[in-house]
K.L.:
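Input: one structure, supplied below.
Bear in mind that the values here come from a model prediction, so they are computed numbers and not experimental data. Numbered from 1 within each chain, the chains take letters A, B, ... in sequence-line order.
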Amino acid sequence: MGLSQYKSKRDFKQSPEPSGKKSRRGKKLKFVIQRHDASRLHYDLRLELDGVLKSWAVPKGPSMVVGDKRLAVMVEDHPIEYLNFYGEIPEGNYGAGVMDIFDSGTYKAYKAPPNVDEQTHLKSQLEKGDLKIVFDGTYIKGAFALVKIKSDEANNWLLIKKGDGFELKEFDIGSLKPKVPSGAVKKHKSKSSISSSKTKRAEDVWETHQKPMLATLTKGIVDQSGWIYELKYDGYRAVTLISNQKPEMVSRNGNSFNNQFQTLVKELSAVEDEVILDGEVVIENKAGVSEFQLLQNYSGKGKEKLLYYLFDILYLNGHSVINLPLRDRKDLLAEFLEGYSFKNIKPAPYVEGNGKEYYEQRAKEGHEGVIAKDSTSTYQPGKRSRQWLKVKATMSQEAIICGYALPQNSRKYFGSLILGVYEDGKLRHIGNAGTGFNDDSLKNLYKRFQDLITDTKPFTLKTTRYTRGKPVWLKPEMVCNVKFLSWTHDKVMRNPVFLGLRVDKPADEIGIEQTIETPANEKSSKANTMIGQEKDQILKFGSKELKLTNLHKEFWPEEHITKGELLSYYEQISSFILPYLKNRPQSLNRFPNGIKGPSFYQKDMEVSQLPKWVKTVKMYSKSNNRDIDYLIVNDLPSLLFMVNLGSIEINPWHSRYTNPDHPDYLMLDLDPGDISFKEVVNTAVVVKELCDELKMPCYCKTSGATGLHIYMPLGARYDYDQVKTFAEVLAKITQSRIPEVTTVERTVSKRGNKIYVDFLQNRKGQTIAAPYSVRPRPKATVSTPLDWDEVNHNLSPDMFTIKNAVKRFEEKGDLWQGVLKNPVNLAVVLKRIDKLK
DNA sequence: GGGGAAC
DNA sequence: GTTCCCCAACGCCCG
DNA sequence: CGGGCG
């Protein structure tokens with residue numbers, strides 16, 4: 001099997017698990033049983049064989065009682081180093097949770113034949129799925145059988161104790177203490193210089209100590225002896241508790257950084273002292289200046305080096321030291337750090353006195369500023385003290401370069417103004433004069449820019465930086481009179497806009513307005529719509545007031561179809577779609593930025609942020625073990641409200657909330673693989689023929705994507721399980737009648753290029769685009785009800801769109817009326833199926 | 001799309 | 001002030 | 001059994 005699967009599942013930058021390099025050829029074969037408190041507590045049995053650890057997940061753990069059978073699911077091979085692994089696999093990783101070594105030792109083959117290499121023998125047994133071995137561990141001793149369940153294609157094995165004298169009458173694995181509990185290894189060093197209060201446990205003070213002391217912003221530097229000066233790091237403030245070699249690193253607001261800064265946490269876990277430290281996590285550039293932007297982007301994957309500068313110590317081995325003067329804490333911190341050789345964890349350098357000089361030097365180097373601290377001050381957690389002062393560096397500049405970069409996926413903001421300084425022939429990013437930027441404010445922004453550059457006084461720059469979307473700098477010679485370069489609306493990452501330097505015309509004259517998007521009023525206007533072309537619009541339906549927003553936003557950028565047009569479509573066809581939505585909990589699939597933008601699903605509505613006239617129903621969710629407030633759309637304003645939220649497609653339940661376990665219809669989803677749509681049509685016709693034979697009405701619509709949907713009315717008489725079972729019967733008959741092009745195989749790889757007759761959609765809470773629903777697909781396709789005589793080779797899956805469907809519906813009327821009206825009796829149909837055979 | 005947390 | 005995050009939940013499959 | 005995945 002090798003270790004490739006093992007490696008592919010893990011991110012070794014995040015997980016402390018071994019990456020697997022060495023192989024071991026010891027005399028005796030080793031085993032380990034780890035107790036793994038992952039999403040569910042279970043045990044992992046690993047046997048050394050052939051240079052790797054053969055591994056099984058044993059949900060209930062082994063038993064020493066003869067004949068007890070324990071399910072053991074074979075999992076991927078693990079590296080030999082895993083024999084000694086214990087510790088915490090951080091959240092978000094494969095197998096996250098605490099892992100202890102429950103037991104370990106050696107094992108050998110049970111009654112191995114003579115003259116055969118033991119490993120060879122074991123390997124052949126393993127291949128046969130019948131392994132007989134003898135453990136020599138602390139808890140687990142004697143002969144066991146590990147046999148593969150034959151009838152089962154899965155990797156299910158059973159671990160069974162054989163009678164051999166080592167067996168026990170009773171065995172409760174839960175009551176046994178792991179041989180090596182995670183974090184059990186700890187040493188204690190004693191520190192001499194603590195003169196503080198009586199012994200306390202770190203956990204007891206952690207609550208109060210984890211809120212860092214803050215500095216007060218001041219202008220100008222206090223230059224006096226008795227004060228300590230250090231850098232104002234542009235990073236994340238982080239206070240860390242280390243206890244039992246388990247670091248807990250938290251942000252200013254008490255959020256854990258453990259996940260984010262795993263390299264640091266890993267390094268800190270070498271600390272055997274019990275300690276609380278205060279510092280700042282940064283990423284530095286070559287000049288040693290913090291790069292906040294890099295830090296914000298930090299994923300652990302890049303080559304940026306994360307550093308943790310420690311500047312204070314709050315607790316050490318039984319003593320809170322916050323009441324010691326800063327001077328002493330600094331010494332204690334240094335003394336503490338002497339005991340370790342860290343790579344990325346450093347004491348923050350500081351000077352005593354000469355603050356002014358220190359400040360000016362640091363400012364010149366490009367640092368954000370300086371913190372001045374009274375060396376006699378105590379540490380006051382959570383307090384913004386006057387004994388700590390921060391002074392930000394301000395610059396005087398020769399020239400300002402102004403660029404414009406746009407953060408990816410930004411919705412509320414289109415970007416920020418970036419400022420840089422051109423100094424000594426070098427361009428340096430200073431920061432953003434940041435502002436929200438949208439169509440309305442471009443002019444203001446430009447004015448602001450002008451004010452900025454005509455202002456002769458030095459100004460304080462903001463320090464916020466981009467998280468995404470890199471600033472692009474202009475060369476100085478390009479700067480003058482560059483007004484506008486490019487601007488696109490259809491890409492998430494827009495091209496940078498540049499505003500030139502020393503433009504002295506008023507904003508109105510530089511033609512900014514015409515650079516903004518194509519106005520929406522160019523679009524063809526619809527006859528029967530009350531939705532206009534304004535950016536925002538407030539609609540009133542009696543007492544119901546509805547605000548529609550961003551009507552000009554292009555939801556289909558290639559086709560230039562706007563959100564307003566989408567709303568207008570739904571407004572016009574509301575009488576067609578609403579019957580299919582009535583009282584059905586909605587699963588919202590929201591595309592707030594159009595079909596090319598990010599999307600998300602939403603079931604649970606925040607009732608407090610809904611207009612009070614919008615109806616919701618509470619439905620119990622098993623997986624969440626709580627009620628979910630589902631949206632109910634029974635009228636036009638509710639429909640438009642939902643669409644305004646970015647719900648391009650509409651996904652109602654198959655059942656109504658009044659009868660939630662009984663769907664009103666059965667549906668088959670004909671979903672083509674890489675196969676012509678004609679075959680989908682042929683398949684639909686086969687289904688239709690079958691339904692005719694069964695005297696069962698059925699209705700067809702385009703899915704709006706690539707396939708067809710067929711619904712059969714059932715009138716909420718049967719529950720989801722019954723309907724699903726029946727759907728499976730229909731799907732399988734269909735498949736058997738046209739086997740060359742259809743499949744009911746659930747696994748994609750086994751489907752081949754066939755039409756998947758999906759009957760599994762008949763589940764509670766399952767969502768399928770409703771009839772008349774638009775789809776978030778190219779051309780703004782619509783799921784369109786069809787006459788059966790239209791289900792022929794002139795049909796194409798994308799022929800009905802937002803542009804042409806309204807007319808069709810008005811001409812054809814609602815072709816699907818019967819879906820909610822003519823339920824069949826399943827018992828009768830089932831009898832007809834029997835006759836079919 | 002919109003609120004809240006975080007910085 | 002600006003950015004990021006969150007916003008589902010079925011049943012498979014397979015380790 | 002349970003997490004990943006679709």
K.L.:
Reckon A:Thr549 touches a base, only the sugar-phosphate, or nothing at all at heavy-atom distances under 4.0 Å?
P.N.:
sugar-phosphate
K.L.:
Nearest-Å distance, CZ (A:Phe261) to C1' (B:dC7)?
P.N.:
12 Å
K.L.:
Can you tell me the distance, in whole Å, between the CG atom of A:Asn651 and the P atom of C:dA9?
P.N.:
14 Å
K.L.:
Would you mind classifying the nucleic acid contact of A:Asn589 as base, sugar-phosphate or nothing, using non-hydrogen atoms under 4.0 angstrom?
P.N.:
nothing
K.L.:
By a 5.5 angstrom centroid cut-off and a 30 degree plane limit, is there stacking between A:Phe600 and B:dG1?
P.N.:
yes
K.L.:
In this structure, how many angstroms lie between the C1' atom of C:dC6 and the CG atom of A:Asp604, rounded?
P.N.:
12 Å
K.L.:
Check every strand shown and say whether A:Gln766 touches a base, only sugar-phosphate, or nothing at a heavy-atom separation below 4.0 Å.
P.N.:
nothing
K.L.:
For A:Asp278, which residues count as a side-chain hydrogen bond (donor to acceptor under 3.5 Å, both in side chains) partner, sequence neighbours excluded?
P.N.:
A:Arg237, A:Tyr379
K.L.:
Check side-chain hydrogen bond (donor to acceptor under 3.5 Å, both in side chains) between A:Lys754 and all other residues, then give those that pass, not counting sequence neighbours.
P.N.:
none
K.L.:
Base, sugar-phosphate or nothing for A:Arg237? Non-hydrogen atoms, less than 4.0 Å.
P.N.:
nothing
K.L.:
Students often get this wrong, so: under 4.0 angstrom with heavy atoms, is A:Leu760 touching a base, only sugar-phosphate, or nothing?
P.N.:
sugar-phosphate
K.L.:
Rounded to the nearest angstrom, tell me the gap between atom CE in A:Met619 and atom C1' in C:dC10.
P.N.:
15 Å
K.L.:
Could you verify whether a donor N or O on one side chain and an acceptor N or O on the other, from A:Asn644 and A:Lys563, lie under 3.5 Å apart?
P.N.:
yes
K.L.:
Between A:Met605 (CE) and B:dG3 (P), how many Å, whole number?
P.N.:
12 Å
K.L.:
Looking at every strand, decide which applies to A:Phe591 at a 4.0 Å heavy-atom threshold: base, sugar-phosphate, or nothing.
P.N.:
nothing
K.L.:
Using atom P of each nucleotide, how far apart are D:dG4 and C:dC6 to the nearest Å?
P.N.:
16 Å
K.L.:
Whole-Å distance between C:dA8 P and A:Tyr601 OH?
P.N.:
12 Å
K.L.:
Select base, sugar-phosphate, or nothing to describe what A:Ser251 touches, counting heavy atoms under 4.0 Å on all strands.
P.N.:
sugar-phosphate
